[in-house]
Amino acid sequence: MSRKTRNLLTISGLCVLLAACLALYFFIPKGEKENDGTTSGDSTTSGDVTASGDAGEITVDTIESDAIEQLELKKKGETSYVLIKKGEEWKLSGQENIPLDETKVTALFSCLNPVKAAKTLEKTVDALSEYGLEDPAYTVIVTAGGKQYQYDLGIAVPVEGGYYGISSNNSDSIYCFAENLVSDLDIKTNTLIVRDELPQMEQDTMVYLFVDNKKGSDFEAAVVDEKERVDSYSRWNITKPYKKPLATSTKDWSSILGYFDSLTFGNLVEYGAEKLDKYGLSSPSANITIRYFETTKDYEPKEDTAQSDGESEVPEKYRKYHTVKLCIGNKKGESYYACKEGSRDVYLMNGDVVENMTKLNVYSAMDHCVYATLATKIKGYDVKYGDTTLSVTRTPVEGSEESSKEKNIWTLNGKQVPDEKESDFLMPYSNAYLLEYTERADNSVKPREKKPVLTMIYHEEKRDVTVTYYPYDGTNFYRVDRDGMNYFLVDKRSVDDVIKGFKGIEKIAG
């Protein structure tokens, strides 16, 4: 390597070293020196600096929470808030009428018991300006036990974190205060106010939902008596938006109830708002009503208190009912303004949660089965197509000595169906059992034929259910009428296959 090359490399190395030194000079404020966590002087709970149990950590003051009488936070010299203890309660100065959550207030004081610092620094002539302490970013003033403590905090400490600051009880030192002296106390006072809470409900204790939408369709569902149920296996009926009730989906209804059973408010926007209209809450876009019950203290649950579909068997005398009413206002970003009915405390609520409740897809919530009760659970049924009528009855009998299993005797138009032909005989019913609604009917479609293509009358223990299939578009669908509920369509080919199956069993009996 030539001398010229070596000289060039040496000069380059010196330049890099010089740059590093300059960076350190400007990065670390002048006068800083490490403290090993100990200082001279007596060890007291305030004023003097004492070493903590952790190496390199200093306890500046120890202020007991129970002794605190007042706390003030200033930002750039302007008061952010003042907390004053009056009797046993904490109040915000100037807003004494607002109730505060005592637990949240006292949680603020954890950063004062003790007040910690990572190290002390040498105080020089230019120290105040150098560390941002001529015009402190934060000032914390605490009155406790008749004594006042003040902490002026300047710029953030590079790398290690925290803030440079001065304690009024030891103004000769500059501390690197722990970051929580700012992060714990620099809060929005709304977070300290007692909040309206929404109850957490179990799904099997919910009995009523109503979403009253100012724009768009309303939604209403209720738990009903067995005789009023659209389907015997679904304890809920959907009663809006349609005039005739619908059964709820056994597959999806639990997910839909999940939109309502664990509601929570987000941030408090305004306590005791005088003008709700600016939030869209004087005339809400939606009002949500939820009714549920709690069991009384004297209720003793049995081993099985719920049926397979989640229906509660808690007797009425052990139920205490509650109603929650929620108002939804304007949208703000990804949230909505919301409040409890009758309250003037305005909160934000998660936008997805609100839209899940207010924009329910009824087609997803409803049961899509046209009729889904097994043939072995009803007394019989009638089938009508063209000029043919088939009447089927079921008579359950006890099992034989060889088999304890219950047996059914089937008749078709008064003639008994042979046991060996039972499976073939029930196949058309099974195919009808699988029929499902496919989509909403369009009332503007005017079919050429109005005579029904198939009618099935199901004879349940306490009622009859009539399902009739009508021509629709002549190609893809039939329109279904179930006891007057005729909002939906079914696949035409599937119904034609059911009719074909019934034609095939006319000669089985006899």
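Starting from 1, each residue takes its place in the sequence as its number.
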A.B. asks: So among Asn361, Leu360, Ile238, which one has a side-chain contact (heavy atoms from CB on, under 4.5 Å) with Ile256?
C.D. replies: Leu360

A.B. asks: Is there a side-chain contact between Leu390 and Leu412 in this structure, where contact means two heavy atoms from C-beta onward sitting under 4.5 Å apart?
C.D. replies: yes

A.B. asks: After noting the C-alpha distance and the side-chain angles of Lys331 and Glu355, does the key distance pass the salt bridge (Lys or Arg N to Asp or Glu O under 4.0 Å) rule?
C.D. replies: CA-CA 11 Å; Lys331 190 171 186 179; Glu355 290 176 7; 3.3 Å; yes

A.B. asks: If every non-hydrogen atom of Ala375 is compared with every non-hydrogen atom of Trp410, which pair is closest and at what distance?
C.D. replies: O-CH2, 3.6 Å

A.B. asks: Within a 6.0 Å radius of atom CD on Glu78, are there more than 12 heavy atoms belonging to other residues, nucleotides or ligands?
C.D. replies: no

A.B. asks: Are His368 and Tyr437 an aromatic pair, judged by ring center distance below 6.0 Å?
C.D. replies: no

A.B. asks: Let's go through Leu246 and Val230 carefully: what are the C-alpha distance in whole Å and the side-chain angles of both, what is the deciding distance for side-chain contact (heavy atoms from CB on, under 4.5 Å) to 0.1 Å, and is it a yes or a no?
C.D. replies: CA-CA 6 Å; Leu246 307 170; Val230 174; 5.6 Å; no

A.B. asks: What's the shortest heavy-atom distance between Gly280 and Asn330, and which atoms?
C.D. replies: N-ND2, 3.3 Å

A.B. asks: Just wondering, are more than 12 heavy atoms of other shown residues or ligands nearer than 6.0 Å to CD in Gln70?
C.D. replies: yes

A.B. asks: Given the rule in the salt bridge (Lys or Arg N to Asp or Glu O under 4.0 Å) test, do Asp231 and Arg482 qualify, once you have shown the distances and angles that lead to the verdict?
C.D. replies: CA-CA 11 Å; Asp231 283 326; Arg482 174 175 166 155; 2.8 Å; yes

A.B. asks: Could you please spell out the steps behind the side-chain contact (heavy atoms from CB on, under 4.5 Å) verdict for Tyr472 and Asp442?
C.D. replies: CA-CA 9 Å; Tyr472 182 69; Asp442 183 350; 3.3 Å; yes

A.B. asks: Look at the rings of Tyr429 and Tyr458 and say which category their plane angle falls in: under 30° parallel, 30 to 60° tilted, over 60° perpendicular.
C.D. replies: perpendicular

A.B. asks: Under the criterion side-chain contact (heavy atoms from CB on, under 4.5 Å), I'd like the reasoning laid out for Val362 against Lys240: C-alpha separation, chi angles, the key distance, then a yes or no.
C.D. replies: CA-CA 9 Å; Val362 180; Lys240 285 186 178 180; over 6 Å; no

A.B. asks: For residues Leu100 and Trp90, report the shortest heavy-atom separation together with the two atoms involved.
C.D. replies: CD1-O, 3.4 Å

A.B. asks: Looking at Asp298 and Tyr318, would you say the former's side chain and the latter's main chain have a donor-acceptor pair under 3.5 Å?
C.D. replies: no

A.B. asks: Within the distance-only criterion (no hydrogens, no angle test), does the side chain of Asp491 pair as donor or acceptor with the backbone N or O of Ser494 below 3.5 angstrom?
C.D. replies: yes

A.B. asks: Run Arg195 and Asp101 through salt bridge (Lys or Arg N to Asp or Glu O under 4.0 Å) and show every step you take.
C.D. replies: CA-CA 8 Å; Arg195 295 165 56 90; Asp101 187 318; over 6 Å; no

A.B. asks: Taking Asn287 for its side chain and Lys325 for its backbone only, find out whether a donor-acceptor pair lies under 3.5 Å.
C.D. replies: no

A.B. asks: More than 12 non-hydrogen atoms from neighbouring residues, nucleotides or ligands closer than 6.0 Å to NZ on Lys384, yes or no?
C.D. replies: no

A.B. asks: Taking the six-membered ring for Trp, are Tyr138 and Tyr163 parallel (under 30°), tilted (30 to 60°) or perpendicular (over 60°)?
C.D. replies: perpendicular

A.B. asks: Regarding Thr106 and Ser65, do their side chains bring together a donor and an acceptor under 3.5 Å, going by distance alone?
C.D. replies: no

A.B. asks: Are Pro447 and Tyr470 close enough that some pair of their side-chain heavy atoms sits under 4.5 Å apart?
C.D. replies: no

A.B. asks: For Glu220 and Tyr208, which I'm curious about, is there any donor-acceptor pair between the side chains at under 3.5 Å?
C.D. replies: yes

A.B. asks: Side chains of Leu181 and Leu112: closer than 4.5 Å at any heavy-atom pair?
C.D. replies: yes

A.B. asks: Does the Asp225 side chain pair with the main chain of Lys227, one donor and one acceptor, at a distance under 3.5 Å?
C.D. replies: no

A.B. asks: Indicate yes or no for a side-chain donor-acceptor contact from Thr438 to the backbone of Leu489 under 3.5 Å, with no hydrogens or angles considered.
C.D. replies: yes

A.B. asks: Does Asn267 reach the side chain of Asn190, with side-chain heavy atoms less than 4.5 Å apart?
C.D. replies: no

A.B. asks: Just by distance, do the side chain of Asp481 and the backbone of Gly484 share a donor-acceptor pair under 3.5 Å?
C.D. replies: yes

A.B. asks: Determine whether the side chains of Thr475 and Asp473 contain a donor N or O and an acceptor N or O closer than 3.5 Å.
C.D. replies: no

A.B. asks: Using a 3.5 Å distance criterion without hydrogens, assess whether the side chain of Arg394 forms a donor-acceptor pair with backbone atoms of Asn408.
C.D. replies: no

A.B. asks: Looking only at side chains, do Tyr321 and Glu316 share a donor and an acceptor under 3.5 Å apart?
C.D. replies: yes

A.B. asks: Test side-chain contact (heavy atoms from CB on, under 4.5 Å) on Phe488 and Val480; report intermediate values, then the result.
C.D. replies: CA-CA 6 Å; Phe488 303 101; Val480 188; 5.7 Å; no

A.B. asks: For a 4.5 angstrom cut-off between non-hydrogen side-chain atoms, does Tyr371 reach Ile378?
C.D. replies: yes

A.B. asks: Would you indicate whether the side-chain heavy atoms of Val211 and Asp218 approach each other to under 4.5 Å?
C.D. replies: no

A.B. asks: Sub-3.5 Å donor-acceptor pair from the side chain of Gln200 to the main-chain atoms of Leu263, do we have one?
C.D. replies: yes

A.B. asks: In Å and rounded to the nearest 0.5 Å, what is the OG to OH distance from Ser93 to Tyr81?
C.D. replies: 13.0 Å

A.B. asks: Check whether any side-chain heavy atom of Leu209 sits under 4.5 Å from a side-chain heavy atom of Leu257, and report yes or no.
C.D. replies: yes

A.B. asks: For Leu281 and Gly329, which heavy atoms make the closest approach, and how far apart are they?
C.D. replies: CD2-N, 3.4 Å

A.B. asks: For Glu228, is there any backbone N or O sitting under 3.5 Å from a side-chain donor or acceptor partner on Asn237?
C.D. replies: yes

A.B. asks: Can you see which heavy atom on Gly272 is nearest to which on Asp345, and at what distance?
C.D. replies: N-OD1, 2.9 Å

A.B. asks: Step by step, work out the salt bridge (Lys or Arg N to Asp or Glu O under 4.0 Å) result for Arg229 and Glu460.
C.D. replies: CA-CA 12 Å; Arg229 297 176 183 176; Glu460 296 180 356; over 6 Å; no

A.B. asks: Can you tell if the side chain of Leu108 reaches within under 4.5 Å of the side chain of Leu71, non-hydrogen atoms only?
C.D. replies: no

A.B. asks: Taking atom types as modelled, find out whether Tyr271 and Gln95 have a side-chain donor-acceptor pair closer than 3.5 angstrom.
C.D. replies: no

A.B. asks: Say whether, by atom type as modelled, one donor and one acceptor occur between the side chain of Tyr363 and the main chain of Glu439 under 3.5 angstrom.
C.D. replies: yes

A.B. asks: Looking only at heavy atoms, what is the nearest atom pair of Lys244 and Tyr487, with distance?
C.D. replies: N-OH, 2.8 Å

A.B. asks: Decide if the gap between the ring center of Tyr469 and the ring center of Tyr478 is smaller than 6.0 angstrom.
C.D. replies: no

A.B. asks: Side chains of Ser283 and Lys214: any donor to acceptor distance under 3.5 Å?
C.D. replies: yes

A.B. asks: When rounded to the nearest 0.5 angstrom, what distance separates CG in Leu268 from OG1 in Thr191?
C.D. replies: 9.0 Å

A.B. asks: Roughly how far apart are Lys500 NZ and Tyr385 OH, rounded to 0.5 Å?
C.D. replies: 13.0 Å

